[in-house]
Amino acid sequence: MENSDKKPILANLNAKQLKAVKVLSGPLLVLAGAGSGKTRVLTHRIANLMANNIPGGDILAVTFTNKAAKEMESRIHKILGQDFPHSAVSHFSLQGFSPKNPTVGTFHAICVRILRTDIESLETGLTKNFVIFDTDDTQKLIKLLMKEQGIDEKEFKFRAILSHISTAKNQLLTPQVYGKEAEPNRFTQVVKTLFPLYQKHLISHNALDFDDLLQKTVQIFEKSPEILEKYRKRWNHVLIDEYQDTNFAQYRLIRLLSDKHQNLCVVGDDHQSIYSFRGADFRNILDFEKDFPNAKTVKLEQNYRSTANILANANTLIGYNESGRKKNLWTHNEEGQKLIITEVFDEKDEGRFIADKINEIQYETNENLKNIAILYRMNAQSRALEESLMRNRIPYQIIGGVRFFDRKEIKDILAYLRLIFNPQDDIGFLRIINVPTRKIGAATIEILRKYAKHYTMSLFEILQTIDEIPELNETKKTVLKNFQKIILDLQKLVQTEPISILLDRLIDRIEFYKFLDDGSNEGEARIQNVKELFSVAGRYDSAENPIAAFLEGVALVSDLDRMENTDSVTLMTIHAAKGLEFPIVFLPGWEENIFPSSNAQHSLESLEEERRLGYVAITRAEKRCLISHARQRMLFGKRDYSAPSKFLSELDKECCEKSTTNHDMASAFSRGKTFSAKKYLATGSGAVSTPKKTSAASGSAFATFPKTPKTKKEALFGIVQNETEFAIGEKIIHREIGNGTIIQISGDILTVAFPGLGVKKIVASVEPIEKVEE
DNA sequence: TGTCTTTAGATTTTT
DNA sequence: TCTAAAGACA
């Protein structure tokens, strides 16, 4: 690297950061406040280890998300230049671990790779070809078992049972141990019945759920000292990011790997622990010095991200928590603007307020939209915001909600692949046996299941003996044999052909596009979604076992990994925003029972977790933070009055500014009328009538700005506008909005100032506007 | 058995 | 509001 003599590894670090980077061995705790350069320390420390002749392959770095893993790799690469071969780590590759490069990945991704090598040592019957069951699969399975056991679905919620099982697994409890230890009551009695059955079925399907990935790995390590030794030797240096969010299974895993060499560096901030619902326990980070008495501790307290005003608010808020280590986060950054707290009328008014503010900010500072984020407590809040942004023609991308890989058509195709890859997968079989429709219904399935159970074979395997099943007529047998043949034929291709060919043949054989195409826009969108799958699949063709890598990738990938760096506003939950930062952050919905959530009101612990979430939310902002709360809100089909969040009164009053959109009922009503008039516009504007459909139509998980086919608009509105006939400064009249002045032109998009209504972006060829001759 | 219609029920956060 | 399960009917 050109400036290697300047030691870039140790450059641009403050004294504390440098201290952490320079510790080359032994246990190290880095308490890193928000925005204090945590990732910087991690990456530079890895680079420094490598610069001190520790082979990259000796290093294991565990991150919380795949996105963070990728980010970390590219940053290490940047620091080390050629010293770090760019092939880097492929997160989903099944090839072993590289001797040259650090292993970077999430707990789940790393565990999968360990299991692909060593799971058979457990002698549970699980093989290297195991599939990963996602939430949807596990829900189906537990429902199935409940039916089988005659457990009343009304009395016992499958969700509650699943989450109970998950918690137990995260505590590394086996069904046997759970059965002994759980306090006896009606609910645990049910779980005691279902847990072992659930586990048994997973094994017989050759499947693991998310929690198994961790638990099985720990089991291997505890059972086979020689396997544990292999990984201990491989990873002489272990680094853990977001340590405050580790659960017991992960904690155990870390101890197993690093107790011997003690070269363990954990980084985190107990104030940012927000995943306790998933079993995370921030006491892990508080107890680190107890667990490792030789630990060195470095506190990073200088914040480089946010203005002093933003930081002051975050500090004051988190100060209301009793738990956690006291910290003194400070900054040299300028004071900046005050945090703005705005009272709005309802969720629509809130959407309008945010859209107007974005237009205003853009007009004033020409801020790139990718610097703006809207962070909310729950996905259900996004709809009103999306509608408003769409109406105002503000491009946005939405992370979360219905994930791309959760779409029905995608899951169906994946289920086919799963079955091809693993014929034991009954859940996959049940998903697709009648997709496309083959006239195989509940009755036929029941017969198959009876025989499968009797011969302890999987549903797919039982098709071999189909001729010996008297209950089925010839037509059914033919249909089932055809289905079997499709799967068997495609299985032959797995070894030789890339996934794209396999997908192509599959879609062809089952005439999937024909099945999806119902003539509607939604049908077209579904086809587009399936086609998008090809581009995703292409990335796995170079893996050793492409289909396994592909299935694994889609099981472990989150929407966050698909976040694009485009010129658009980002919408996501606060949880998803952890680890990210944005110059301008909107925080809507700071109302009691939304934030803090109604489910968090009953205990101090959960309320404190909500407060930490608030802390995370505010500290995402670099320059500006705009909080809003609505007087009433439509939620789950009901309109309710809502009190401002208690967190608002816990902010630093000196550093806040209150405002209101001042919309009483009447004005909100008239505004609503304007909305509906414009909604007609939005509805007609292309293939979309609701935000959700937009995301489908765009062919990805993102609801990107609808690129509207012009011809359709013209047909719909009978307006043919010449895009070039407008100029800055000209006056126009909008049929619905009124008179305005053009202040900016960007291609077909006009920025128009409407007196008294604010600045809006308008697509010239779409909206009913005309020039006003003066 | 599929499809259309109705109804009930659930909505925090996610690897 | 939206989804999934249940019911009615061809």
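Values in this document were obtained by computation on a predicted structure and should not be read as measured data. Reminder, nothing fancy here: chain letters follow the sequence lines and each chain counts from 1.
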* To do: Tell me, please, which residues at least two apart from A:F130 pass ring pair (Phe, Tyr, Trp, His ring centres under 6.0 Å).
  => none
* Among all residues two or more places apart in sequence or in another chain, which pass the salt bridge (charged side-chain N to carboxylate O under 4.0 Å, His left out) test with A:K216? -> none
* Asked: With A:D426, which residues qualify under salt bridge (charged side-chain N to carboxylate O under 4.0 Å, His left out), at least two apart?
  -> none
* Asked: Are A:E386 and A:R383 close enough for a salt bridge, meaning some N to O gap below 4.0 Å?
  -> no
* Sequence neighbours excluded, which residues qualify as ring pair (Phe, Tyr, Trp, His ring centres under 6.0 Å) partners of A:F195? -> A:Y178
* To do: Check salt bridge (charged side-chain N to carboxylate O under 4.0 Å, His left out) between A:K411 and all other residues, then give those that pass, not counting sequence neighbours.
  => A:D134, A:D136
* Not counting sequence neighbours, which residues clear side chain to side chain donor-acceptor pair (under 3.5 Å) with A:E350? List them please. => A:S628, A:R633
* Asked: How would you list, by chain and number, every residue that makes a side chain to side chain contact (heavy atoms under 4.5 Å, CB included) with A:Q149, sequence neighbours excluded?
  -> A:I151, A:T193, A:L194, A:L197
Using atom names, set out every protein N or O paired with an N or O of nucleotides 6-12 of chain B below 3.5 Å, distance rounded to 0.1 Å.
residue	atom	partner	partner atom	Å
B:dA10	OP1	A:K157	NZ	3.3
B:dT11	OP2	A:R159	NE	2.3
B:dT12	O2	A:R377	NH1	2.8
B:dT12	O2	A:R377	NH2	2.1

* Test ring pair (Phe, Tyr, Trp, His ring centres under 6.0 Å) applied to A:H629 - qualifying residues, sequence neighbours left out -> none
N/O to N/O distances under 3.5 Å, protein versus nucleotides 1-5 of chain B:
residue	atom	partner	partner atom	Å
B:dT1	OP1	A:T444	OG1	2.8
B:dG2	OP1	A:N434	OD1	3.4
B:dG2	OP1	A:N434	ND2	3.0
B:dG2	OP1	A:K439	N	3.1
B:dG2	OP1	A:I440	N	3.2

What N/O pairs connect the protein and nucleotides 4-10 of chain C at under 3.5 Å? Give each pair on its own line.
residue	atom	partner	partner atom	Å
C:dA5	OP1	A:K143	NZ	2.7

* To do: Would you please name every residue forming a ring pair (Phe, Tyr, Trp, His ring centres under 6.0 Å) with A:F429, sequence neighbours left out?
  => A:F483
